[in-house]
Amino acid sequence: MTRALLLCCFLSLVSAAPAPDVVQPHWTRPQAARLVEWLDAAADDALEPVTAQARVVQAALDTNDQAALDAAATEAATRLLEAHRHGCCGAALRSGWHIADTSDRTDAATRVGQAVAADRIDALFASARPSHPYYLALRAAYHAESDPARRATLAANLDRWRWMPRALGTRYLLVNTAAFEATLWEDGKMTGRWRVVAGKTASPTPVFAATVTGVILNPWWEIPPSIAREGIAALLRTHPAQAAAQGYVLQAGRYRQRPGANNALGRMKLVMPNGYSVYLHDTPEQKLFAEDVRAYSHGCVRVGDALGLVAALLSKQPGWTRGDVDAAVATGRTRTVALAAPVPIYIAYFTAEPDDKGDIRYIADIYHRDTGAKLRGDQGQCAR
């Protein structure tokens with residue numbers, strides 16, 4: 001297709017669309033040329049569909065028609081900005097993704113107009129692209145990868161990073177349920193890693209964000225009714241002594257389990273209110289952390305060396321070394337310790353990420369989310 005024909009097709013689309021409410025920006029030729037470079041570079045971000053707009057903008061540049069250039073460049077820049085913000089090819093994969101990007105959500109056309117007027121095209125797209133080191137590693141891998149299946153996996157995970165907030169926080173927890181790992185990040189660097197158990201395929205751990213405000217040592221387990229019906233309620237009715245030995249009680253119509261060695265939450269639970277009744281907690285079933293595939297829970301996230309995670313979260317506060325945490329737990333008393341500063345937590349799902357050697361590791365898609373499949377049980381619950 002010739003450049004003139006490309007431009008003609010584009011202008012017919014523009015003329016058929018309703019006139020925008022905003023004044024169309026005036027593009028200089030250097031700005032449009034720089035836009036072409038950004039459009040070409042988007043191929044390395046797995047945004048090939050929007051990369052095709054580079055030919056349309058270049059065709060407008062070659063005609064020396066300012067009106068055509070303004071229309072083509074504005075349309076292409078708006079599409080590119082939206083692609084960097086939201087992705088362009090993984091809408092089905094986003095089903096069930098409940099982490100919202102809280103960064104600037106000004107209308108894309110308005111942001112483009114502002115950037116052109118201020119001559120800040122580079123800043124516009126640089127700020128829209130995720131800057132997390134994992135995203136940058138996946139982007140580099142996508143550029144170098146030739147295997148179609150791996151490129152598709154990388155593209156899906158690049159989109160997932162685009163759905164994450166651009167500002168995750170100075171200090172935050174990131175749980176990758178596909179990898180069965182939780183990591184603590186500070187000032188852009190990982191400072192701790194823990195093995196976790198995630199939800200079974202019949203009760204997958206949901207993707208969401210919350211805020212950790214504290215930790216509960218020696219917690220009670222508030223047993224969800226659906227889980228109580230699986231056997232605990234019957235045990236309390238038919239074998240009350242056995243139920244009592246395991247710490248189960250029925251109080252004011254609520255099924256609960258006392259703190260202790262058998263408690264399903266183990267010796268700690270993070271205070272992280274959310275609409276899914278999903279939490280990070282300890283577990284008495286420590287043997288599960290030796291397995292590679294750790295999908296055993298009703299949806300909650302069980303943490304290996306859970307008290308080590310508590311010590312890491314409280315390390316900024318005087319009087320809370322690992323020894324202090326162990327001593328507080330040893331008392332057997334339930335105690336809530338507030339964090340000096342809340343810590344964002346992101347329960348996410350990534351099937352490709354860098355490993356410790358700088359290579360990319362490809363992780364089994366246990367919940368079939370790379371294909372956009374919707375599993376039963378998006379509402380997880382804390383339980384064994």
Side-chain angles (χ1 to χ4, degrees), residues 94-103 160-161 163-185 194 196-217 219-228 254-257 263-283 294-304 306 309-310 312-314 334 336-350 366-367 369 374-384:
R94 198 164 186 168
S95 174
W97 187 277
H98 305 297
I99 300 176
D101 182 1
T102 55
S103 59
R160 288 180 176 126
W161 275 108
W163 303 333
M164 293 285 284
R166 295 299 179 266
L168 295 170
T170 303
R171 192 172 189 236
Y172 63 91
L173 281 165
L174 176 63
V175 178
N176 183 358
T177 55
F180 306 107
E181 286 186 347
T183 52
L184 179 63
W185 293 74
W194 293 265
V196 304
V197 170
K200 296 174 287 189
T201 55
S203 54
T205 300
V207 174
F208 68 98
T211 301
V212 179
T213 59
V215 298
I216 303 175
L217 304 177
W220 283 76
W221 179 31
E222 302 291 339
I223 307 173
S226 61
I227 296 172
R254 296 155 52 204
Y255 291 97
R256 308 179 76 203
Q257 187 181 30
N263 188 281
L265 303 184
R267 296 297 189 176
M268 84 84 178
K269 167 187 169 183
L270 295 190
V271 181
M272 45 178 288
N274 62 85
Y276 302 94
S277 298
V278 167
Y279 305 91
L280 268 65
H281 63 83
D282 189 17
T283 176
R294 298 184 289 277
Y296 291 103
S297 82
H298 283 74
C300 257
V301 179
R302 311 174 195 171
V303 184
L309 173 58
V310 171
L313 289 172
L314 296 177
T334 301
T336 300
V337 183
L339 298 186
V343 174
I345 182 169
Y346 306 95
I347 313 293
Y349 186 85
F350 296 100
I366 60 165
Y367 296 155
R369 287 174 172 160
K374 184 170 179 57
L375 297 182
R376 179 175 63 85
D378 190 39
Q379 300 285 331
Q381 292 186 322
C382 253
R384 293 182 182 278

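Computed from a predicted model, the values in this text were never measured in an experiment. Positions are given from 1 along the sequence.
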Might you point out which heavy atoms bring [X] and [Y] nearest each other, and give the distance in Å?
X      : Y      : answer
Cys300 : Ser277 : SG-O, 3.9 Å
Leu314 : Ala338 : CD2-O, 4.4 Å
Gly266 : Pro219 : O-CD, 3.6 Å
Ala100 : Pro165 : O-CG, 3.3 Å
Thr205 : Gly299 : OG1-O, 2.7 Å
Ile99  : Ala209 : CG1-N, 3.9 Å

Test of understanding: with side chain to side chain donor-acceptor pair (under 3.5 Å), list the residues that count as partners of Arg254, not counting sequence neighbours.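 Once residues adjacent in sequence are excluded, the partners of Arg254 under the side chain to side chain donor-acceptor pair (under 3.5 Å) criterion are Glu222.
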Do [X] and [Y] have side-chain heavy atoms sitting under 4.5 Å apart?
X      : Y      : value
Arg369 : Pro204 : yes
Met164 : Trp97  : yes
Val207 : Arg160 : no
Tyr296 : Thr283 : no
Leu184 : Arg171 : yes
Ile366 : Thr177 : no

Just verifying a value: how many Å separate [X] [atom1] and [Y] [atom2], rounded to the nearest 0.5 Å?
X      : Y      : atom1 : atom2 : value
Tyr276 : Ile347 : OH    : CD1   : 11.5 Å
Leu280 : Trp194 : CG    : CH2   : 10.5 Å
Trp220 : Gln257 : CH2   : CD    : 9.5 Å
Arg302 : His281 : CZ    : NE2   : 6.0 Å
Ile223 : Leu265 : CD1   : CG    : 9.0 Å
Leu168 : Leu173 : CG    : CG    : 11.5 Å

Out of the candidates Arg267, Lys269, Met268, only one should pair with Leu217 under the side-chain contact (heavy atoms from CB on, under 4.5 Å) rule; please name it.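 Only match with Leu217 under side-chain contact (heavy atoms from CB on, under 4.5 Å): Met268.
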Return the orientation label for the Tyr367 and Tyr349 ring planes: parallel under 30°, perpendicular over 60°, tilted otherwise.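 The arrangement is parallel - the two ring planes meet at less than 30°.
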Just say parallel, tilted or perpendicular for the rings of Trp161 and Phe350, cut-offs at 30° and 60°.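 Parallel: the ring planes of Trp161 and Phe350 meet at under 30°.
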Please assess Asp282 against Val303 for the test side chain to side chain contact (heavy atoms under 4.5 Å, CB included), listing each intermediate value before the final yes or no. CA-CA 5 Å; Asp282 189 17; Val303 184; over 6 Å; no
What residues, two or more places apart in sequence or in another chain, satisfy side chain to side chain contact (heavy atoms under 4.5 Å, CB included) together with Thr213?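 Partners of Thr213 by the side chain to side chain contact (heavy atoms under 4.5 Å, CB included) criterion, ordered by chain and then number, come out as Thr211, Val271.
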